[in-house]
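What follows is a short report on a single structure.
As a basis for the values below, the full set of heavy atoms in this structure was taken, side chains included, without hydrogen atoms, waters or symmetry mates.
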Amino acid sequence: MAVAQKLIGLTGGIGSGKSTVARALRLMGIPVFDADSEVKQLYLENASLRAETVLHFGADIFIGAHLQSKVLADRLFANASHQALMGNILAPFLKERFETWRAAHAHVAWVAKEAAILIESGSYKDCDFIVQVTAPKSLRLARVQQRNGMNPEEIEERMRAQMTDEERRVYCHFEILNDEQTALLPQLMALRSHLKD
């Protein structure tokens with residue numbers, strides 16, 4: 001008799017190193033759905049989603065079908081009600097895409113969903129096990145500056161718009177410190193042990 005598949009929610013603040021942990025999970029044989037990447041793909045493929053987003057946030061957030069992530073993010077992080085509205089617009093499209101992806105991985109015991117706003121969006125409720133990735137603020141700032149070329153003030157604004165590590169911790173079953181000092185492998189082995197229990 002087949003065992004019901006279980007879902008890991010992988011979350012953490014901007015610059016915490018979620019993508020590094022997601023890559024490690026894939027190497028452990030756990031497929032990971034990257035919500036941010038999937039949203040970009042959805043915008044490329046879905047004209048009605050683009051039209052609804054333009055209606056609320058302006059035509060300049062696209063060049064052709066390509067989402068200008070920074071332009072949209074600047075608008076979202078400037079206003080909490082904009083974030084909620086964007087979440088509501090995306091939710092049905094992303095849910096359908098995730099369900100299709102999950103069905104394609106039905107043979108695997110554990111799958112994971114990587115999402116920065118896993119808790120805020122309420123999608124944590126669908127998860128069987130939630131993992132938070134953390135890192136010191138100074139390192140998070142440096143990572144985002146290097147990756148996106150944003151200035152520290154912009155990054156701080158985005159950090160303030162997200163839940164804090166302490167707020168997320170209430171919802172989480174496991175935490176991985178990705179501070180480039182603490183070895184990741186023992187933490188991942190401990191996680192694997194928890195998933196087997």
Q: Look at the aromatic rings of His194 and Phe129 and report parallel, tilted or perpendicular, splitting at 30° and 60°.
A: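 Tilted: the ring planes of His194 and Phe129 meet at 30° to 60°.
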Looking only at heavy atoms, which two atoms of [X] and [Y] are closest? And how far apart?
{"X": "Ile14", "Y": "Arg147", "answer": "CG1-NH2, 3.9 Å"}
{"X": "Pro152", "Y": "Leu141", "answer": "O-CD2, 4.1 Å"}
{"X": "Leu188", "Y": "Met28", "answer": "O-CE, 3.8 Å"}
{"X": "Cys172", "Y": "Gln132", "answer": "SG-CB, 3.5 Å"}

Between [X] (side chain) and [Y] (backbone), is there a donor-acceptor pair under 3.5 Å?
{"X": "Arg26", "Y": "Val32", "result": "yes"}
{"X": "Gln5", "Y": "His105", "result": "yes"}
{"X": "Gln68", "Y": "His66", "result": "yes"}
{"X": "Arg140", "Y": "Ala135", "result": "no"}
{"X": "Asn148", "Y": "Met150", "result": "no"}
{"X": "Asn178", "Y": "Gly17", "result": "yes"}

[Y] reachable from [X] in the ILVMFWY side-chain graph, under 4.5 Å edges:
{"X": "Ile130", "Y": "Leu7", "result": "no"}
{"X": "Val133", "Y": "Met159", "result": "no"}
{"X": "Leu177", "Y": "Leu184", "result": "no"}
{"X": "Ile8", "Y": "Tyr171", "result": "no"}
{"X": "Leu10", "Y": "Phe33", "result": "no"}

Q. Hey, is Glu154 close enough to Arg158 for a salt bridge, meaning N to O under 4.0 Å?
A.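 Salt bridge absent between Glu154 and Arg158.
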Q.
Closer than 4.0 angstrom, basic N to acidic O: yes or no for Asp60 and Arg75?
A.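 Yes, Asp60 and Arg75 are salt-bridged.
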Are there over 12 heavy-atom neighbours, none belonging to [X], within less than 6.0 Å of that residue's [atom1]?
{"X": "Glu96", "atom1": "CD", "result": "no"}
{"X": "Leu27", "atom1": "CG", "result": "yes"}
{"X": "Gln146", "atom1": "CD", "result": "no"}

Q | Partner of Glu45 by side chain to side chain donor-acceptor pair (under 3.5 Å), out of Arg50, Lys40, Arg97 | A |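 When Arg50, Lys40, Arg97 are each tested with Glu45, the side chain to side chain donor-acceptor pair (under 3.5 Å) holds only for Arg97.
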Q. Is there side-chain contact between Glu156 and Glu153, with heavy atoms separated by less than 4.5 Å?
A.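 The answer is no, as the side chains (C-beta and beyond) never meet within the 4.5 Å cut-off.
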Distance-only criterion, 3.5 Å: show the donor-acceptor pairs between side-chain atoms of residues 108-121 and protein atoms not counting sequence neighbours.
unit_1 : atom_1 : unit_2 : atom_2 : d
Glu114 : OE2    : Ser19  : OG     : 3.4
Glu120 : OE2    : Met163 : N      : 3.2
Ser121 : OG     : Ile117 : O      : 2.9
Ser121 : OG     : Leu118 : O      : 3.2
Ser121 : OG     : Ser123 : N      : 3.3
Ser121 : OG     : Ser123 : OG     : 2.9

Q) When you check the side-chain N and O atoms of Gln187 and Thr182, is any donor under 3.5 Å from an acceptor? A)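 Thr182 and Gln187 do not have a side-chain donor-acceptor pair below 3.5 Å.
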Q: List for me each residue that meets side-chain contact (heavy atoms from CB on, under 4.5 Å) alongside Asp36, sequence neighbours excluded, and say none if there are none.
A: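 side-chain contact (heavy atoms from CB on, under 4.5 Å) check on Asp36 returns Asp34.
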